[in-house]
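In what follows, a structure is listed as structure tokens, so that the remarks can point back to it.
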Amino acid sequence: MTSRVTRSAGLVLLLALATAACGSSRNQVPPTSAEADKFLFDKGTQALQDKKWMAAREYFRQIVDNYPQSTYRPDAKLAVGDAFIGEHTTEALVLAVNEFREFLTFYPTSPRADYAQFRLATALAEQMLAPERDQTNTKEAVKELQVFIDRYPNSTIMPEARTLYRRAKDRLSEAGYRVGFFYYRNRYWAGAIDRFKEVLRTDPGYTDRDAVYYHLAESLLRLNTEAAKAEALPYYERLLKEFEQSSYLQSARRRVEELKGATGAQR
């Protein structure tokens, strides 16, 4: 674990040094220029709007590195991170995470701390992999978004944060569902049941939980015991109650009729 962290820190340092080196010979302003920090900030803002990510970072980095008392410095620090996200390479996203973490360390009470926390989570979410692959970055994104939700309940960007939170949670739940479905296809009912229940326990708001309800109920039926059949029925009913549109509705209705008919016949 230590070596992994060391390698990650080394990558951030090397990339940061390379970026700084690229910008050292361009976009300079005379040290005697009046309002040089404003000049740099305006130039960086224009470059950011034009999606000239490297140029934007060079302008903003000069403010961060050379004007410690500038009122533009906090916003310039955030803009460096935004430019890295805009570039959207793996290396740039790693550096974006680092920029926003540093901002929150240096300016924890800033009025824009909520933005920094959200963009930190965004940079992690942009590194999420497909459901069948490693979900480390997805878990980190969920964690940082939960921090945002807990710490900044009145933030104006809360709707965006909740949307991103749902997307990241859905990715984790999809990963769990696919494992359960793999067990289901291979008739390992107990394993499928455990995994499907885990998805519902950890993420009851999972967008595609209709599939979880259905395959969990079907797995329970395959156990072929009265107790399991009784447990399966509510999952079919929840599917019918919570979803107006689902590819599983017709099959779920049929199962409910069968199970309730069997219960009535036994009586």
Side-chain angles (χ1 to χ4, degrees), residues 5 8-9 11-13 15-16 18-20 22-23 37 40-65 67-68 70-129 135-172:
V5 171
S8 179
L11 173 62
V12 169
L13 179 60
L15 291 170
T19 301
C22 290
D37 55 344
L40 290 168
F41 190 82
D42 290 344
K43 286 287 188 179
T45 300
Q46 185 60 55
L48 197 64
Q49 292 174 352
D50 293 340
K51 299 183 179 181
K52 297 177 180 178
W53 311 120
M54 183 176 292
R57 286 198 301 272
E58 291 174 5
Y59 286 120
F60 292 127
R61 181 65 73 189
Q62 288 188 62
I63 299 173
V64 173
D65 293 343
Y67 299 88
S70 173
T71 56
Y72 294 99
R73 192 171 188 255
D75 287 338
K77 182 73 172 173
L78 291 175
V80 171
D82 285 337
F84 277 127
I85 290 180
E87 190 172 303
H88 208 272
T89 63
T90 300
E91 295 81 2
L93 290 170
V94 169
L95 288 169
V97 169
N98 188 62
E99 290 295 331
F100 293 120
R101 286 198 193 281
E102 285 186 352
F103 181 94
L104 291 166
T105 298
F106 297 151
Y107 307 105
T109 60
S110 167
R112 300 196 69 194
D114 61 333
Y115 180 82
Q117 183 66 41
F118 173 67
R119 293 297 275 172
L120 165 60
T122 299
L124 288 164
E126 291 299 311
Q127 298 177 70
M128 294 190 304
L129 301 178
Q135 296 300 305
T136 298
N137 285 318
T138 311
K139 292 175 183 177
E140 284 296 309
V142 168
K143 183 181 75 172
E144 297 298 346
L145 285 163
Q146 189 64 60
V147 170
F148 177 93
I149 291 168
D150 294 340
R151 191 173 293 172
Y152 308 106
N154 299 317
S155 173
T156 58
I157 53 179
M158 180 62 76
E160 296 172 68
R162 290 196 178 279
T163 297
L164 185 58
Y165 180 79
R166 174 41 49 202
R167 182 161 70 89
K169 287 284 286 184
D170 277 354
R171 182 68 55 85
L172 285 180

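Heavy atoms only, all atoms of each residue included: P108 and T105 are closest at CD-O, 3.5 Å. Scanning all heavy atoms of the two residues, the minimum distance from L164 to A125 falls at CD1-CB, 3.8 Å. Closest approach of L48 to A56, counting heavy atoms only: N-CB, 3.7 Å. A96 and G81 make their closest contact through CB-O, 3.7 Å (heavy atoms, listed as atom of the first residue, atom of the second, distance).
For K51, the salt bridge (Lys or Arg N to Asp or Glu O under 4.0 Å) test picks out no residue, with sequence neighbours left out. Residues that satisfy the ring-ring contact (aromatic ring centres under 6.0 Å, His included) test with Y107, not counting sequence neighbours, are F103. Residues passing the side-chain contact (heavy atoms from CB on, under 4.5 Å) test with D75 are F41, L78, R112, sequence neighbours excluded. Partners of D50 according to the side chain to side chain donor-acceptor pair (under 3.5 Å) rule, which considers only residues two or more places apart in sequence or in another chain, are Q46. Judged as a salt bridge (Lys or Arg N to Asp or Glu O under 4.0 Å), and not counting sequence neighbours, E160 has no contacts. Evaluation of the side-chain contact (heavy atoms from CB on, under 4.5 Å) rule for D114 yields F148, Y152, S155, I157 as partners, not counting sequence neighbours. Residues satisfying the side-chain contact (heavy atoms from CB on, under 4.5 Å) criterion with Q146, sequence neighbours excluded, are I149, D150, Y165. In this structure, the side-chain contact (heavy atoms from CB on, under 4.5 Å) partners of R151, at least two apart in sequence or on a different chain, are Q117, V147. Considering only residues two or more places apart in sequence or on other chains, K52 meets the side chain to side chain donor-acceptor pair (under 3.5 Å) condition with none of them. When the side chain to side chain donor-acceptor pair (under 3.5 Å) test is applied to T122, no partner is found at least two apart in sequence or on another chain. For R101, the side chain to side chain donor-acceptor pair (under 3.5 Å) partners two or more places apart in sequence, or in a different chain, are E144. In this structure, the salt bridge (Lys or Arg N to Asp or Glu O under 4.0 Å) partners of K77, at least two apart in sequence or on a different chain, are E99, E102.
Here the CG atom belonging to D42 is positioned 11.0 Å from the OH atom belonging to Y59, to the nearest 0.5 angstrom. Atoms CG and CG, on L93 and N98 in that order, are 12.5 Å from each other to the nearest 0.5 Å. A distance of 6.0 Å separates OG1 of T71 from CG of D37, quoted to the nearest 0.5 Å. The distance from the CG atom of N137 to the CD atom of E126 is 11.0 Å, given to the nearest 0.5 Å. Between the NZ atom of K143 and the CG atom of L120 there is a distance of 9.0 Å, given to the nearest 0.5 Å.
Side-chain contact between V142 and R171 is absent, with no heavy-atom pair separated by less than 4.5 Å. Residues D82 and W53 are not in side-chain contact: their nearest non-hydrogen atoms beyond the backbone lie 4.5 Å or more apart. Between L40 and Y67, the closest side-chain pair of non-hydrogen atoms falls below 4.5 Å. Between F100 and V80, every side-chain heavy-atom pair lies at or beyond the 4.5 Å cut-off.
Here the side chain of E87 pairs no donor or acceptor atom with the backbone of A83 at under 3.5 angstrom.
A side chain to side chain contact (heavy atoms under 4.5 Å, CB included) with E140 is found for exactly one of L145, L124, V97, namely L124.
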